[in-house]
Amino acid sequence: MYNAESISKVLKGELLQQTGNPEIEHVLLDSRKVIYPATSVFIPLVSQRRNAHQYIKELYEKGVSNFIVSEAPELAQYPAANFILVKDTMSALHSLVAWHRQQFHIPVIGITGSNGKTIVKEWLYQLLEKDYNIVRSPKSYNSQIGVPLSVWQMKPEHQLAIFEAGISQPGEMEHLEKIIRPTIGIFTNIGEAHNEGFLNIRQKINEKLVLFSKSEILIYCKDYPVLNECVLQFNSLVGKKENQEGGLQLCTWSRKTEADFRVMSVEKTGTHSRIEALHKNETLSITIPFVDEGSIENAIHCWVLMLHLKIPQEVIQQRMDQLGNIAMRLELKQGINNCSVINDSYNSDLGSLNIALDFLQQQQQHPTRTVILSDILQSGKSDASLYEEVASLMRQKKIDKLIGIGKNIFREKKCFQQVEGLKSSFFLTTEEFIQQFNQQDFQHETILLKGARVFEFERIGKLLEQKVHQTILEINLSSVAHNIRQYQALLKPTTKLMAMVKAFSYGSGSFEIANLLQFHGVDYLAVAYADEGVELRRTGITMPIMVMNPEPSSFDAILQWNLEPEIYSLHLLQQFEEEVQIAGKTGFPVHIKLDTGMHRLGFEKKDIPELAAMLTDNNYLTVKSMFSHLAGSEDPELDELTRQQGKLFYEMSYELQKALGYAVIRHISNSAAILRHPDLQLDMVRLGIGMYGVDSSEEMQAQLKPVSTLKTTVSQVKHLNDGDFVGYGAKWRAKGPAITATVRIGYADGYPRRLSNGVGKMLVRGQLAPVAGVVAMDMVMLDVTHIPDITEGDEVIVFGESLPVQQLAAWAGTIPYEILTGISQRVKRVYFQE
Ligand SMILES: *Cc1c(COP(=O)(O)O)cnc(C)c1O
């Protein structure tokens with residue numbers, strides 16, 4: 001049992017104040033995620049930009065009474081709290097969890113590598129859950145913060161632990177090693193990509209290998225030559241250092257050369273692969289329901305590990321055949337009757353339930369939040385206390401409606417019936433729910449589907465989700481959050497961030513993106529037109545919203561929905577002021593646009609005296625901010641111009657500010673200026689395209705993650721003879737026998753017609769296929785002669801991670817902005833969080 005006293009000893013911290021000594025069960029790092037205040041210890045992390053010590057007060061008020069801090073608080077304010085003072089809160093978190101880890105003597109599998117960590121971890125769980133009570137990292141929690149949170153979940157009832165570890169710079173793995181202390185290691189693979197943060201690939205491998213410094217055995221594939229060399233070298237060093245005989249035991253597998261586990265053949269038949277291998281002079285085989293190379297590699301890792309754990313080959317064979325897809329992400333889809341559906345129906349455990357509920361809670365767009373939940377299997381707790389805990393989660397996360405499916409949750413339904421404001425109903429089986437399903441019971445709700453695999457919730461998903469046209473734009477919300485953090489890291493702590501969500505968030509969605517921005521503490525939103533702002537307000541966005549084109553016909557809406565207009569002329573100022581007056585309001589916020597050279601909208605220098613006179617001592621209007629827009633912040637050739645714009649803005653805003661006599665936010669930087677013109681940061685920056693993963697500077701681009709993927713599918717494959725033509729106007733002809741694939745996207749979806757006849761290309765089965773003939777309204781034909789085995793229904797990537805939208809824009813002779821905002825609304829957006 002842990003409490004402030006014992007933890008303080010472990011951390012060699014100073015117990016600044018002790019007023020009680022309650023049991024501590026939970027580690028809390030994110031102030032927004034407090035669920036068990038009484039039994040949590042809050043550890044405020046400090047980064048360059050954020051100092052979480054500022055949330056202590058709020059958490060204390062919510063009932064948290066244990067804190068590990070690196071800055072002494074004013075103790076008198078917190079009479080009932082325990083404070084442990086340490087040098088650095090991140091190190092304290094690491095030491096605390098490393099110590100927790102030492103309390104357990106069970107096999108711990110540590111997984112690292114470039115790709116496949118999460119899949120291998122989740123597959124091992126699927127493959128071994130019948131043999132062990134397993135604790136594992138939720139989702140892909142593998143960072144300096146994710147790993148401690150994962151390992152903290154270890155409890156006495158667990159028999160096997162599986163944790164993944166990922167790093168982004170040298171020095172990090174040492175910490176993760178102490179926390180995970182794996183007894184068994186898996187190094188999945190090493191990719192060339194993402195060397196950022198490291199000098200070269202060897203340095204990256206060596207750093208990752210640190211995870212296995214104290215392990216007994218390491219499983220890896222010899223077919224990556226550099227990896228193999230590094231492992232051998234590492235092993236000789238570790239052996240010497242630790243004084244162990246021969247060091248770490250290596251268990252190798254290979255598809256090419258001799259190894260402990262020699263893969264002899266891989267045969268693919270339609271949807272399955274049969275893998276045959278030689279192990280200890282025996283020929284073994286498995287069949288898996290996947291054909292892609294990544295899955296084959298992942299399955300072999302799992303196979304070798306299971307043999308090491310002495311699972312009988314017949315059992316392995318039988319379980320491998322049933323491997324399932326892994327939900328790597330939480331998807332938000334459009335549902336029936338104006339609902340949104342989050343489908344997370346591949347597993348159910350408390351850790352992932354918690355994450356899914358957080359995602360659900362972020363969604364403001366519908367008045368009702370509904371959870372459809374199956375029995376939670378293998379939690380290691382008694383049912384009664386398990387469902388008590390789930391019920392308290394429902395209360396904390398303000399869930400309105402719960403549908404429980406399964407024998408156990410059914411038996412414990414009274415826990416839920418006691419939760420105030422929660423409507424609940426229960427079914428013994430998924431089948432029973434489906435029998436009684438009535439579409440009309442679901443209206444304007446955000447519905448989370450969360451079930452263990454055996455409950456086959458995908459059948460419920462089919463009933464609730466809207467059928468989608470097979471061309472979709474996938475939007476990775478985690479990447480948006482990541483990109484925002486990259487820019488935030490460049491800002492002074494006091495600089496505010498305005499996120500540009502005009503034009504449907506550059507084509508990526510409205511409330512879905514805005515919910516995320518609100519959650520991540522962005523300060524301001526900006527839209528182009530009032531109706532975009534109204535839509536955001538209607539879906540529960542409460543943060544301030546600036547409207548850049550406030551037409552007089554929209555003044556009503558602006559006032560009614562508390563939107564904040566950009567004012568760019570004296571005439572507009574007069575009109576708006578009158579409207580405010582008539583509405584009987586005072587001090588209404590406005591933003592003043594200054595023209596510093598772009599000559600689009602805004603006041604010019606000569607207007608300032610008159611503008612100042614109108615705004616000074618103005619009862620009706622309050623100036624929230626003054627801003628201007630840069631014409632070429634991305635272009636080194638225009639740096640002089642940018643400097644002049646900055647200078648003029650400085651002068652104009654100074655003059656106006658002086659006249660007003662109160663503090664006004666000043667801003668001029670767009671995405672590109674944040675990195676390139678740090679001196680123009682001022683009080684706020686306006687982040688647009690960068691948030692969506694595109695920046696004109698290579699340095700910045702390398703830090704961003706792509707946000708959207710436009711994909712479609714093959715509707716028909718055609719075999720042509722020499723001279724056959726394709727498409728309107730017969731603009732393309734086969735030179736010799738050829739194969740084309742017709743795909744479901746056209747210029748009406750936003751695929752530019754300029755990409756006709758080989759100008760544009762799409763990715764099919766990982767290879768580029770040029771457009772054959774002209775782009776039609778709803779269809780495009782691709783020349784796939786050189787790509788084997790294309791079939792109807794194959795996925796086609798129009799742009800995405802491996803085919804950047806910048807490339808597509810370059811082919812079309814335009815800029816990524818135009819491509820992104822041009823994707824038509826008939827293309828369904830699917831959102832997900834990793
Ligand atoms: C669109 C817009 C931005 C954002 O520009 P990016 O280049 O996408 O960062 C900033 N300010 C104004 C006034 C805009 O209209």
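Both ligands and their constituent atoms are indexed starting at 1 by order of listing. Just so you know, these numbers come straight off a predicted model, no measurement behind them. For the numbers below, each heavy atom of this structure counts, side chains included, while hydrogens, waters and symmetry mates do not.
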Side-chain donor-acceptor pair present, Glu578, Tyr620, cut-off under 3.5 Å: no
Heavy-atom neighbours of Arg537 CZ exceed 12 at 6.0 Å: yes
Met543 atom CE: more than 12 heavy-atom contacts under 6.0 Å: yes
Cation-pi geometry met for Arg666 and Phe627 (6.0 Å, 45°): no
His599 atom NE2, neighbour heavy-atom count above 12 within 6.0 Å: yes
Near ligand 1, at a heavy-atom separation below 4.0 Å: residues by chain and residue number: Met500, Lys502, Tyr506, Met548, Arg600, His629, Asn670, Ser671, Arg686, Gly688, Ile689, Tyr817
Within 6.0 Å of CE in Met700, more than 12 heavy atoms from elsewhere: yes
